[in-house]
Amino acid sequence: MIKGEDIPYMGEWAELRKNFLLEEKPEDYDELEEGKLLIEYLIGYEDRYSELFDTMVENQMEVEGVNEKMKVENPLKWVGLVNNIRSQVREVLTAEICR
């Protein structure tokens with residue numbers, strides 16, 4: 001069995017952190033796993049970063065004026081802007097998780 005395969009998928013952010021630990025900090029991964037703390041650790045990452053992602057997206061939408069009025073008046077533009085904001089936030093948080 002490949003290391004890490006026995007850990008269930010817990011979400012995007014937990015998966016990113018798990019893969020980072022496996023690839024870049026295997027000794028930290030082993031320590032968490034041996035202490036039976038890995039699942040709890042990854043759940044914490046998933047919870048924290050899911051909430052942070054939502055908050056950052058909402059804040060950036062407000063800053064850029066992406067609102068319900070725009071959604072009604074120009075839904076294609078609204079979708080494009082929301083997707084761009086989500087991608088930017090995802091990029092920032094991914095860089096943070098993987099360090």
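- Screening residues 65-99 for ring-ring contact (aromatic ring centres under 6.0 Å, His included) gives no qualifying pairs among residues at least two apart or on separate chains.
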- Message: As a quick check of understanding, evaluate side-chain contact (heavy atoms from CB on, under 4.5 Å) for Glu91 and Thr94, giving each step before the final call.
- Response: CA-CA 5 Å; Glu91 189 175 316; Thr94 297; 5.8 Å; no
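- If you take CG on Leu21 and CG on Leu32, they are separated by 6.5 Å, rounding to the nearest 0.5 Å.
- Side-chain atoms of Glu96 and Tyr49 form a donor-acceptor pair, as typed in the model, at a separation below 3.5 Å.
- For residues 13-39, the set of pairs meeting the ring-ring contact (aromatic ring centres under 6.0 Å, His included) definition, not counting sequence neighbours, comprises Trp13-Phe53.
- In this pair, Tyr41 and Tyr45 present their aromatic rings tilted. The plane angle is within the 30 to 60° band.
- Every pair passing salt bridge (charged side-chain N to carboxylate O under 4.0 Å, His left out) that includes a residue from residues 24-37 is listed here, sequence neighbours excluded: Lys3-Asp30.
- Summarising the geometry, atom CG belonging to Asn67 is positioned 10.5 Å from atom CG belonging to Leu81; distances are rounded to the nearest 0.5 Å.
- We find the CG-CD1 distance between Leu38 and Ile7 to be 4.5 Å, quoted to the nearest 0.5 Å.
- A distance of 8.5 Å separates CE of Met56 from CG of Asn59, quoted to the nearest 0.5 Å.
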- Item | side-chain contact (heavy atoms from CB on, under 4.5 Å) evaluation trace for Ile39 with Met10 | CA-CA 9 Å; Ile39 300 289; Met10 291 175 262; 4.0 Å; yes
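- Heavy atoms from other residues, nucleotides or ligands lying under 6.0 Å from CD of Glu64 number more than 12.
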